[in-house]
Amino acid sequence: MTDSTMIRWIDGGAPAAISGGTTWGMPFARGTVPAASALRVTDAGGTAVPSQAWPLATWPDGSLKWAGLALPASDTPSAGYRVEYDAGAAPSGGGLPPSSVPPAVPGPRVRVSESGETVTVDTGVLQMVIRRGGSTLFSELIRNGRTVARDARLVSLLQDGVPEEAGTAVRNSFTGDVTAVVVEQDGPVRAVVRLEGRHRQDRAGAAGRSWLPFVVRFYFHANARSVRMVHSFIWDGDADRDFLAGLGVRFTVPLEAELHNRHVRIAGAGGGFLAEAVRGLTGLRRDPGAEVRAAQVAGQPTPDPSSWNPEVSERLNLIPTWGDYTLTQLNADGFELRKRTAPGHGWVGIPGGTRSGGFCSLSDTTGGLGVGVKDFWQSHPGQLDIRGAAGSAGTLTAWLYSPEAQPMDLRFYHDGLGQDTFEDQLEGLEITYEDYEPGFGNPSGIARTHELNLFAYDATPSTVNLAADAASASVPALLQATPEYLHSVNVFGDWAPVDRSTPARARLEDSLDFLFDFYAGQVEQRRWYGFWNYGDVMHTYDFDRHTWRYDVGGYAWDNSELSPDLWLWYSYLRTGRADIFRFAEAMTRHTGEVDVYHLGPWKGLGSRHNVQHWGCSAKQLRISTPAYRRFHYYLTADERTGDLLTELVDSDQNFLGLDPVRKVRPDAATYRPNRGALGVGLGTDWGSLAATWLTDWERTGNPRSRDRLLGTMADIGALKYGFLTGEALYDLDAGRFDTGREMISVSHLSAVFGLVEICSELIDLVDDLGFERAWLQYCRLFLGTKEEQVAEVGEPLAGIYLTQAHSRLTAYAAARLQDQGLAARAWQSFAEGGEHLNHESAFTLRRIEPPFVLLPVDEAPTVSTNDASQFGLAVIQNLALVGDQLR
């Protein structure tokens, strides 16, 4: 039997062209698709198109759960596509099926050729030659037999101090040194090449310093005239003495045509371009001729000079040539443009603007290179440089961190304020909400990822085509399944598509829309942009100063506190809105890179909210958890996000080196971390580990992850008080809990860092009645009456907070047990949990029958991110579980 589902462009209609191809991820119901080889793609008219499919995850029975799919580049993409498959018996057992492709469909193919020295990739339109080591990312980019770019390399500048403090500061230049090249995917429609290396100091005859480890991936699709480049680096410097003063990618562009047939294009704001020739023929005192001027403005070859007005053609040597151009975007609100004839001469200012599209090209009438940087102005300070355009070869540098900005200063922002002991630090937590500890505000190990697109041109493109390329680099077109389909295959737990079928439901949906729109507006109004900041939001508002608490301890950057990541991703799943997807994607890029350590003693741990993203001493799995990243990985098949998931596979080892509750542990006098008895919380800690093991098991079939997940699930079910135990002793070598522990301790944070979502998935995924019973007990009792708690476990539960967030636990128990009393309690708790918002938020409680709901009343003052995340997730899951009560 053949089944199919429609795949849509999330921005609406089909883009005008897909210069570099497209990739997306999609799920399939358990037991329906045996392997990726069963998948085929047709266009909206039913015609088969070349495609490539590979497994991203499998169900426990071995059937395909998630697949990545890729299509070639196209000048006429379809309005939508259908993914078809032959439903049949799934393979038995776990583990990933072979990485296979659908039956061949005639069409373009990408080809990879490997030798001992190079890797060459041919899309059918362009070819890239990559050396297996050395200072270049690629040696040649070729189109139509002509090298349009060569010797691509990473460049950086390191400053050894801050001039106003050190008196003088020296800048040293570095170049990326490639140490490993791996072909990760080899066609036929999509190929991926991964490069690894470090930046090395440019010092002749000396080894020099090595730092800033990097990973670069090049993505190739059949028939593509552009190549996607994803660059990630890890900061491994000393914040007190290392000040990054520039970070970029530089390309050499050979130039053959006459100077008046060489062209510079730089994107301004709103789709506009600076479009100039190296030697301009317009605006002169003497006119070369209308045909000449029109050709140059269009970027087309000018007529032979012998046909020009001789008053111009005989004086070409007297027209200045402009070889150097620079655009600087040092903040989110303005860019500057300037040019000069050559080094040693003054710069001439060009009218600037607000927000550059982050694209530039250097070409002549026989070809050239264009480079577009995604989220260019949002990730300021950025810079685009063209140098030497009047010579035989120019250079184009896309600076990801502008050398004209203030050098990057990552030092901790205060001197510790005398907080040398845990007691002092807990006092500080009481006043600024900052969990400080000496030495823990260290950025060494944080990372940053940028996406670029490289366009190989066979001539200077028209401005219309350049604008389309710049737009596609800035906002890539993406194919996705519909919310209804995603929901139908039962992935990501309990959620449901948007439903406005009753007035009560409509009001709740309006509230969810308001929350997202409000935060998207705050990003713009408050300028939450910048190299290390873009993608995050602030934690809490200061009503006296009428600003967010950007400078108050733990109230500043949110760093995933109470899971805005989950709120955004579930909102996208429900709505399919492109703006929500891109907000969530930016947050995933930020929180997975900047808020998490990728090397050093805290590798695999994330930092709690702080004035600086890395400033808090709480380094925990609840921030780095794959529960936040797996959405992006599965929906896009993005390899970099896959790296972040892989980094965490052995994250249970972290409990041996750093106790997350070391400052408040009741048994601190006797507790000593050891491999046989590590204290692991059953809330945020185990929830993060469970998300790690589940994701790894599904992605790779790793038996270690499978056994630790299933084993600890069984152990929680065997504990006398189940999840109410709060913490269990974990044997690191065996990957199991000691089931003999008897105590009762609950944490209000257990409902707001992914545990709820993971448990709901696990209960549907794995048949473990003991685990299900333990989770349902926790869900029933947390917001139960004291009498109910005493009757069942002998004592009332202490520390009951975040009532609104926990209302979804009650809703889960109500739905699972078909208990109408619990359902009513869930909605009542949901409403009661919002009462604290009345005097300090943009919500007011109004009663509808039933239940209570929160509605926006205005856009100022604002809510905290905590309130937004609680409210959003509670609405989403309560609607999915017990929404039948709404009328």
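Residues H590 and N533 bring no donor and acceptor atom of their side chains to less than 3.5 Å of each other. A donor-acceptor contact under 3.5 angstrom links the side chains of E585 and H632, judged on distance only. Checked by atom type, the side-chain pair S617/D435 shows a donor-acceptor distance below 3.5 Å. The closest side-chain donor-acceptor pair between R190 and Q185 falls under 3.5 angstrom. No side-chain donor from either of D177 and H199 sits under 3.5 Å from a side-chain acceptor of the other. In this model, no donor atom of one side chain and acceptor atom of the other lie less than 3.5 Å apart for Y628 and T588. There is a side-chain donor-acceptor pair under 3.5 Å between D385 and Q383. No side-chain N or O of R265 forms a donor-acceptor pair with one of S361 less than 3.5 Å apart. A donor atom on one side chain and an acceptor atom on the other are found under 3.5 Å apart for Y219 and E639. Of the N and O atoms on the side chains of D565 and T591, at least one donor lies less than 3.5 Å from an acceptor on the other residue.
For residues 391-414, the pairs satisfying salt bridge (charged side-chain N to carboxylate O under 4.0 Å, His left out) are E165-R411, R338-E404, D409-R411, with sequence neighbours left out.
We find that D696 and R699 are not joined by a salt bridge, their nearest charged nitrogen and carboxylate oxygen being 4.0 Å or further apart. A salt bridge is absent between R582 and D375; no separation between the charged side-chain nitrogens and carboxylate oxygens falls under 4.0 Å.
In this pair, F531 and H450 present their aromatic rings tilted. The plane angle is within the 30 to 60° band. The aromatic rings of F455 and Y457 sit parallel, their planes meeting at an angle under 30°, below the 60° perpendicular limit. Under the 30°/60° scheme for interplanar angles, the aromatic rings of Y597 and W602 are found to stand perpendicular.
Within the 3.5 Å criterion, the main-chain N or O of V129 finds a donor-acceptor partner in the side chain of S139.
No more than 12 heavy atoms of other residues, nucleotides or ligands lie within 6.0 Å of CD in Q406, so this atom counts as exposed by the packing criterion. Counting heavy atoms of neighbouring residues, nucleotides and ligands inside a 6.0 Å radius, atom CD of E114 exceeds 12 of them.
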**OP:** Show your working on side-chain contact (heavy atoms from CB on, under 4.5 Å) between R608 and R622 and close with a plain yes or no.
**Re:** CA-CA 9 Å; R608 174 184 170 273; R622 77 187 207 194; 3.9 Å; yes
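Relative to the six-membered ring of F214, R198 misses at least one condition, a distance below 6.0 Å or an angle of at most 45° to the axis.
Between Q127 and F220, every side-chain heavy-atom pair lies at or beyond the 4.5 Å cut-off. Inter-residue side-chain proximity for V649 and E647 is flagged as unmet; no heavy-atom pair is nearer than 4.5 Å.
Taking the six-membered ring for Trp and the full ring otherwise, W528 and Y534 have centroids separated by 6.0 Å or more.
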